[in-house]
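One-based numbering, in listed order, for ligands and for the atoms of each. No hydrogens, no waters, no symmetry mates; every other heavy atom, side chains included, goes into these values. Throughout, numbering of the chain's residues begins at 1 and tracks the sequence.
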Amino acid sequence: SSRLQTRAQLSNKGQKHRAEQLSILRELGQGAYGQVFEGTLQTPRGKDRVVLKRVKAKVEAAETMGQMEHLLNVYAARAAPQSVAHFLGYIEVTATQATKALTEGLWLMWRYEGSQTLWSYMRRTSLFRDECLTALAADLCLPEPVAVATVIQQLCENLSAMHAAGLVHRDVKPANIIFAEQEKRFKLIDLGACADLRAGTNYIPDEGIMDPSYCPPEQYCLPTDSPDLARQFGVVRSAMSPMLWSRYKPDRFDSWSTGMVLLQLAIPRLRQMESLRDFTKLLKREDCDIYAAVKAARLPAKQTALLEAEQGAGWDLLAGLLRPRSVQVMDDGGVRFVNTKSKAIRLPVSAAL
Ligand code: ADP
Ligand code: MG
C-alpha cells in the first residue's frame, strides 16, 4: 500500500533522543491509538517541558499509525513550521530501558506549547458572560470583538501553509488546536490523520478515521472511485499533480472543519456537542445552506450577533467554508466527486469578521 511504500522515507526521522533523558509526569489524554503524557527532557541546558505520545501496545495497526504520525511531523515541521506544535523528535525505548511509565516502543515528542486547547476555551461557559471569548481575548492580548476572527485567521494561515505543502490535516477540531503560550498563537496538533497527498503518505482512499462532528458530508478528502486517482495512488504512486488537486480540492476537507469550528466559536450554544450535531443534521437537510439552517434552528438573535457584525462578514465566511463537494455514490460503494469546478475557497482569510 502507499503506507508501506513511504517507509523508505523514514530515513529522515528527525532528532533521536535517549530514554535516560526522559521522565514522565502525568497523562494528558488518551486516544484510540496512543496515549499522551507531559514530561521533561534533560538537555545540557536544563530540563525542557515536553509532550510525549506513545503508540498503544496490542492495538492492531497502531504501530503503523505511529510511524505515519512520525513521518508527517517530520515533514510538517519542515514545510509548515509555524502551523504545528514544535516537533522535537523521537525515542526508541528498548525492553531493557523500559520502566512502568516509559514503556517499550516508539515515542514521539513535542515542545509543551501550553495548557489550553481551543476546546478547553470553549468549555468555559457561564450563564451571564461569554467567558470563552473573554479568555481568548485576554490570552491573545486583543480586544474581545476581534478574538474569533483572529483565531480563525490563525487557523486558516496554518492550514494554508499545510495545504501549500500538499498536506491535508483531516482532523481539525477544537481539541486539536493548541494555544502556544510563547508565540501567543494557535497551532495545529495531532497529525495522526494527516495525509501527504504529494507522496501518498497516510492516504488510503476509502479509509475514514475522522471525527464525524467536524467531517464534511462527502466524508473523504478525495474521491474513492476515480480512475485518474487510482492511477496516481495505486499504480504509478507518483505525487498528486496540481491538476488533480485543483480538480478535487482535497483542502476543502479542512475548510469544512474550519467552518464547524467557526460555528462553535461564534454561536455559544453550538459549543455543546449535542447542539452541534442537531445543527449539522439541519444543515444537511437544508442542502448545506447555512442561512436556511440557522433560520430553521430558530436561534435567538443574541446567539448569532457576532456573525451579523460588519455587514454579515461572518456569515459570508461561514458560507464559504461550509461548502461540500458534490458526490456520486457508485454501485460498489465507491464515491466519485462531481461538479467540483465551483470557485475555490481562498485561504487565509484576510478580512476580519
Ligand atoms: P490524541 O491522538 O489522543 O487525540 P493529541 O495529539 O491530540 O492526541 O494530544 C492529546 C492532548 O494532549 C491534546 O488535546 C492536548 O491537550 C495535549 N497536547 C498535545 N500536544 C501538545 C503540545 N505540543 N503541547 C501541549 N499540550 C499538548
Ligand atoms: Mg487529538
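Against a heavy-atom cut-off of under 4.0 Å, Ile178 is close to the following atoms of ligand 1: 24 (N), 25 (C), 26 (N), 27 (C). Each of the following atoms of ligand 1 lies closer than 4.0 Å to a heavy atom of Asn176: 7 (O). Counting the atoms of ligand 1 from 1 in the order shown, those under 4.0 Å from a heavy atom of Trp110 are 23 (N).
The protein heavy atom nearest to atom 13 (C) of ligand 1 is Ile189 CD1, 3.6 Å. Among all non-hydrogen protein atoms, the one lying nearest atom 2 (O) of ligand 1 is Lys53 NZ, 3.1 Å. From the protein, the heavy atom lying nearest to atom 20 (N) of ligand 1 is Val51 CG1, 3.7 Å. Of all protein heavy atoms, the one lying nearest to atom 4 (O) of ligand 1 is Asp190 OD2, 2.9 Å. Ranking protein heavy atoms by distance to atom 23 (N) of ligand 1, first place goes to Arg111 O, 2.9 Å. The closest protein non-hydrogen atom to atom 17 (C) of ligand 1 is Leu28 CD1, 4.1 Å. In terms of protein heavy-atom proximity, atom 24 (N) of ligand 1 is nearest to Glu113 N, 3.0 Å. Protein heavy atom in closest approach to atom 12 (O) of ligand 1: Val36 CG1, 3.6 Å.
Of the protein's heavy atoms, at least one falls inside 4.0 Å of atom 15 (C) of ligand 1.
For the 3.5 Å distance criterion, the side chains of Gln42 and Glu20 fail to qualify, holding no donor opposite an acceptor. Residues Ser83 and Glu157 bring no donor and acceptor atom of their side chains to less than 3.5 Å of each other. At a cut-off of 3.5 Å, with distance as the only test, a side-chain donor of Ser226 or Tyr248 sits close to an acceptor on the other residue. A side-chain N or O of Asp139 and one of Tyr121 form a donor-acceptor pair less than 3.5 Å apart.
Residues Arg54 and Ala101 approach most closely at NH1-O, 3.3 Å, considering heavy atoms.
The part of Thr117 lying near ligand 1 is the side chain, judged by heavy-atom distances below 4.0 Å. Looking at Ala85 against ligand 1, only its side chain comes within 4.0 Å, counting heavy atoms.
Of all N/O/S atoms in Asp190, OD2 sits nearest the Mg ion (ligand 2).
Taking CZ of Arg247 as the start and CG of Leu222 as the end, the distance is 11.5 Å to the nearest 0.5 Å. Atom CG in Asp289 sits 11.5 Å away from atom CG in Leu282 (nearest 0.5 Å). Expressed to the nearest 0.5 Å, how far OG1 of Thr258 lies from CG of Leu262 amounts to 9.0 Å.
Surrounding CD of Gln311 are at most 12 heavy atoms belonging to other residues, nucleotides or ligands under 6.0 Å away.
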The test is salt bridge (Lys or Arg N to Asp or Glu O under 4.0 Å); show your working for Glu181 and Arg49 and say whether it passes.
CA-CA 13 Å; Glu181 288 165 7; Arg49 231 175 147 184; 5.7 Å; no
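The shell of residues lying under 4.0 angstrom from ligand 1, judged by heavy atoms, includes Gly114.
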